[in-house]
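What follows is a set of notes on a single structure, which appears directly below.
Quick caveat, the model's predicted, so the values are computed rather than measured. Letters A, B, ... mirror the listed sequences (proteins, then strands); counts begin at 1.
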Amino acid sequence: MRSEQEANRAVEQYADTVHRLCMIHLKNYHDAEDIFQTVFLKYVLSSVVFESEEHEKAWFIRVTINACKDLSRSFFRNKTVPLDELLSEPAKLEPDYSMVLEAVLSLPEKYRDVVYLHYYEEYSAVEISRILKKNVNTIYTLLNRSKRLLKEKLGGDWLE
Amino acid sequence: MNDKIKGAFDTIKSGDELKKNTREFLSQKTRGYKRKVFFPYRWLVVAAKCTLFAVICFGGYSLYFTPVSLISLDVNPSIELGVNRFDRVVSVDTYYEGFDTTEPSVNVRFLNYKDAIEQILADENMTPYVNQGQFMAVTVFGSSEEKSSEMLSELSACTASYNNVFCFSGNRQEVADAHSEGMSFGKYRAFLELNALDPEIMPKDVKELTMGQIWNEIRMLSSEPVWDIEEEENLVDKTENGESPFEEGIKNGIGNQGSDNKPDESETEENDRPDESEDKDDSKPDPSETEENDRPDESEDKDDSKPDPSETENNDKPDELDDNNNGKFDETEDELNTNSDKTDNDESNKTEPENNVGTELPETGDTTGSGNAGWNGGGHGHGYGHHKEN
């Protein structure tokens with residue numbers, strides 16, 4: 001089991017990443033909070049030795065996505081809160097960002113992870129394939145399709 | 001595009017309150033970062049479930065597959081059926097020493113023991129033994145005295161249609177001794193009978209004999225009449241005390257015939273079908289039957305002045321003795337005393353030869369020895385009683 005100092009450091013360092021992934025998948029603040037805490041509890045109880053910070057970050061991303069998927073599959077999971085609730089959480093969104101976020105969150109689930117990891121975390125397709133344990137070509141396909149879908153939603157000029 | 005998406009995701013941040021709640025949550029769940037809570041408990045539950053499952057499986061297996069009763073079917077060779085507490089056959093052991101291996105072709109495992117015996121007796125491999133009239137002993141050892149008598153009763157009913165199948169019961173010590181000698185339970189019982197008559201005979205001497213041969217030996221050795229006056233008086237005394245000679249026989253471990261459970265059947269068979277009984281005399285020489293058929297009327301049985309060969313009646317109708325106890329048995333005593341005269345004077349010349357033929361044991365050559373009642377009436381006689389001979 002990890003120490004309190006390690007736990008606090010991890011919370012400070014990866015809280016935003018974990019929280020964003022939770023919100024992308026769950027669209028519900030309360031569920032996101034539960035998963036957020038569960039992920040850090042797993043970290044504290046885990047005995048995994050990380051080779052580097054990148055390794056540690058990838059571990060958090062992987063564990064968070066899995067935890068979100070587990071909750072999504074759960075029979076007792078509460079009904080998903082409408083997208084509006086999520087968009088209202090970060091109260092002061094600029095109109096452009098709100099539109100982009102709404103477009104990203106309206107994508108099918110399999111595209112959202114790829115878009116987030118590629119455009120925000122700036123992982124390459126190869127790195128994403130390792131994290132998500134998918135074929136690299138699959139990641140390329142998902143990226144192209146998600147780009148096309150966003151273009152349809154946001155308009156052709158948006159890609160420039 | 002990257003900037004816009006990045007900017008949009010940047011707006012999603014975990015608040016300080018969420019971080020604070022998470023720290024408290026972690027501290028609470030780990031009890032101040034001192035010990036694990038979830039996983040040991042989870043593994044403990046899993047281990048407990050696995051243990052419980054294993055115990056249930058092992059217990060169920062032991063409960064079902066442990067034989068608590070034993071049925072020994074002895075002819076040539078011998079078959080022992082282990083019966084579990086649910087009356088199912090769970091083991092079949094055969095004793096083939098010195099014999100051509102003749103084994104029932106049917107698989108009787110997991111059958112009810114009554115069905116198993118019925119199927120074995122009806123099996124084509126066993127048919128020669130059954131039809132040739134070889135002596136077949138079905139010996140029962142139950143987990144309790146009550147169970148033994150219940151099984152004996154059931155098996156007597158099952159084998160009632162066979163003239164040469166006889167049912168006995170035994171005890172635990174005899175079963176253990178029989179197995180230690182490498183013999184089936186039923187054959188060991190027969191050996192004990194033989195050994196009582198000739199102490200020099202050892203188990204190895206009878207191992208290779210068929211049951212019929214052993215009983216022939218017994219008949220040959222037991223030449224002196226057993227039903228003498230003194231014994232009859234003893235029996236009467238015991239009967240007056242509420243103990244039938246059959247009970248006495250069982251207690252002594254001499255033998256327990258199925259007739260206890262079906263006295264009426266034999267009586268009815270003999271009384272209602274005298275012609276048939278006479279016919280059977282050729283194949284089943286039973287002096288008692290012959291004598292009984294000669295009885296003019298049942299009402300005459302109650303007449304003390306009229307002699308009646310009721311010795312056999314004693315053997316064949318134990319319940320009647322038990323039920324009627326004193327009076328009936330006294331009559332029987334009188335009848336026994338007069339029976340010999342009648343037999344000698346009237347029909348002894350006829351009955352004796354028939355008896356010899358009916359035993360179907362020509363190799364013994366014993367026509368005067370006291371016949372073992374086990375050969376009488378298809379298992380409806382006293383197990384080890386002897387006919388009175390004059």
What distance do A:H118 atom NE2 and B:I5 atom CD1 have between them, rounded to the nearest 0.5 Å? 8.5 Å
Is it true that, when you exclude B:K13 itself, more than 12 heavy atoms of the residues, nucleotides or ligands shown sit nearer than 6.0 Å to its NZ? yes
Interatomic spacing from CG in B:L26 to CZ in A:F40 - rounded to 0.5 Å: 8.0 Å
Could you state the interatomic distance from OG1 (B:T11) to CE (A:M23), rounded to the nearest 0.5 Å? 10.0 Å
Nearest-0.5 Å distance, CD of residue A:E121 to NZ of residue B:K6: 8.5 Å
Any chance CD of A:E152 has more than 12 other-residue heavy atoms, nucleotides or ligands included, within less than 6.0 Å? yes
Can you tell me if A:Y140 has over 12 outside heavy atoms packed within less than 6.0 Å of its OH? no
Any residues in residues 10-21 of chain A near chain B, with a heavy-atom distance under 4.5 Å, and which are they? A:V11, A:E12, A:A15, A:D16, A:H19, A:R20
Side chain, backbone, both or neither of A:Y116 within contact of chain B (heavy atoms, under 4.5 Å): both
Contacting moiety of A:E122, where chain B heavy atoms sit under 4.5 Å: side chain
Could you check whether any side-chain heavy atom of B:F9 comes within less than 4.5 Å of a side-chain heavy atom of A:I24, counting everything from C-beta outward? yes
